[in-house]
Amino acid sequence: MNRSCKLITAAVLTAALLFCSSCNLIRVFDLERESAAPASETTAAAPQVTVTEQPVTEMPTVPAETTTAAPVETTAEPTTAAAQLSVQEVIDLYANALNQTRSYQGTVNVHHKETFSGNVVEAQPLGALATRLANRIVDMVSDPHDSTLTFTGGVGTNEDGETVPILLPKKGAFSLPAAGVRNAYMDTANGMRHVVINLLPESVGLNEVPYYNSGAIGYLDTSSLDLSIIKINSCTITYTGSVIDAYIRDDGYIASVNYTINMGVEASVTGLGITGGGTMEGVEYETWELLW
């Protein structure tokens with residue numbers, strides 16, 4: 001999720017609009033944002049797991065065995081039937097393919113698309129007017145990405161100028177326990193293994209890290225948000241069920257992945273002597289097509 005700061009800013013500005021009149025709206029747009037050090041991250045509760053700190057490593061560890069030869073695509077059908085795979089086996093299949101793809105030491109181009117669609121469903125105390133204005137701001141900051149990126153040795157530069165690994169998550173290695181999965185399956189299509197993993201919903205507060213989404217895809221990093229005239233009284237971000245939809249070639253490399261992050265943001269803020277609150281629902285789509 002490359003525009004996490006923009007998206008959460010949109011969510012908070014949504015709430016800010018609840019108490020801003022037309023003359024004060026300009027002040028919201030003119031806020032100066034400083035580069036604040038990230039706050040200590042806390043973790044949403046996960047079954048039998050306690051995580052107090054999100055890993056700070058930006059890049060996944062590259063496996064000792066790597067290859068520089070371009071992968072050769074085959075058309076042989078997978079030998080494992082979908083009905084024989086448990087949730088854990090599907091997760092392992094995807095994790096192994098992701099690690100193998102990230103360890104590829106050659107150069108590969110990737111067609112990368114990212115879009116965000118949000119809708120303010122409730123705004124108080126200004127009602128329908130604030131809702132329309134807030135939706136306009138969400139539209140303004142939700143600029144889509146559609147470009148071809150180049151990765152060498154599993155590393156490349158994204159549209160925001162960040163050095164990132166190929167595929168998500170952007171920070172750290174892939175990690176997803178079976179306890180965080182609603183369901184998962186594998187079938188075959190176009191001579192490839194088609195893997196779908198549906199994550200369970202999870203909710204976190206401001207500056208907190210969703211355990212399952214952070215390890216599998218990514219999350220909204222609210223720790224870097226700085227709105228100097230606005231006090232955030234409460235903020236709950238609910239990931240209502242993210243989806244990983246991947247195609248894995250028979251040689252073990254990933255051909256494409258579609259990520260869907262369904263979410264909702266509920267916030268209450270105080271500013272200019274007024275308190276208001278609101279709710280936004282949104283979905284982010286991110287597609288990676290590897291052009292082997």
Side-chain angles (χ1 to χ4, degrees), residues 1-19 28 31 33-56 116 118-125 130 134 137-138 141-142 168-172 175-177 179-182 199-242 259-271 274-284:
M1 302 174 71
N2 296 330
R3 301 188 309 283
S4 57
C5 184
K6 279 188 178 182
L7 301 186
I8 191 60
T9 299
V12 175
L13 284 179
T14 294
L17 281 174
L18 309 178
F19 58 77
V28 175
L31 286 175
R33 296 175 177 79
E34 299 176 356
S35 298
S40 297
E41 295 176 337
T42 58
T43 305
Q48 300 179 347
V49 179
T50 300
V51 178
T52 58
E53 183 176 344
Q54 180 72 7
V56 296
F116 176 80
N119 179 52
V120 178
V121 295
E122 180 182 358
Q124 296 295 333
I137 286 188
V138 172
V141 302
S142 302
L168 300 179
K170 186 170 65 175
K171 296 182 179 180
S175 175
L176 178 62
V181 175
R182 185 202 306 271
L199 276 63
L200 284 170
E202 55 183 335
S203 296
V204 294
L206 193 69
N207 299 337
E208 293 182 344
V209 178
Y211 182 72
Y212 302 131
N213 278 267
S214 64
I217 301 177
Y219 64 102
L220 295 182
D221 183 5
T222 58
S223 63
S224 60
L225 184 65
D226 179 21
L227 296 176
S228 57
I229 69 169
I230 297 174
K231 175 185 176 182
I232 302 175
N233 302 317
S234 65
C235 180
T236 300
I237 302 171
T238 300
Y239 298 82
T240 56
S242 299
Y259 301 97
T260 303
I261 302 96
N262 299 293
M263 59 184 302
V265 178
E266 183 176 358
S268 171
V269 300
T270 298
I274 305 174
T275 297
T279 302
M280 182 189 76
E281 295 177 351
V283 57
E284 180 170 357

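Keep in mind that what you see is a predicted model, and the values were worked out from it rather than measured.
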Q. For Val283 and Thr260, what are the C-alpha separation, side-chain angles and deciding distance, and is it a side-chain contact (heavy atoms from CB on, under 4.5 Å)?
A. CA-CA 7 Å; Val283 57; Thr260 303; 3.7 Å; yes

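Shortest non-hydrogen contact noted between Met263 and Thr240 is N-OG1, 3.9 Å. Counting all heavy atoms, side chain and backbone alike, Pro177 lies closest to Tyr211 at CG-CE2, 3.9 Å. Between Glu208 and Pro210 the shortest heavy-atom distance is O-CD, 3.9 Å. The two residues Leu176 and Leu199 have their closest heavy-atom pair at CD2-CD1, 4.1 Å. Of all the heavy atoms in Gly215 and Pro169, the pair that sits closest is O-CG, 3.5 Å. The two residues Ser214 and Tyr219 have their closest heavy-atom pair at CB-CD2, 3.6 Å.
With respect to Tyr239, the side chain to side chain contact (heavy atoms under 4.5 Å, CB included) criterion is satisfied by exactly one of Ile261, Leu200, Asn262: Ile261.
Checked by atom type and distance alone, the side chain of Tyr212 never pairs as donor or acceptor with a backbone atom of Glu202 at under 3.5 Å.
One finds the CD atom of Glu284 at 9.5 Å from the CD1 atom of Ile217 (value rounded to the nearest 0.5 Å).
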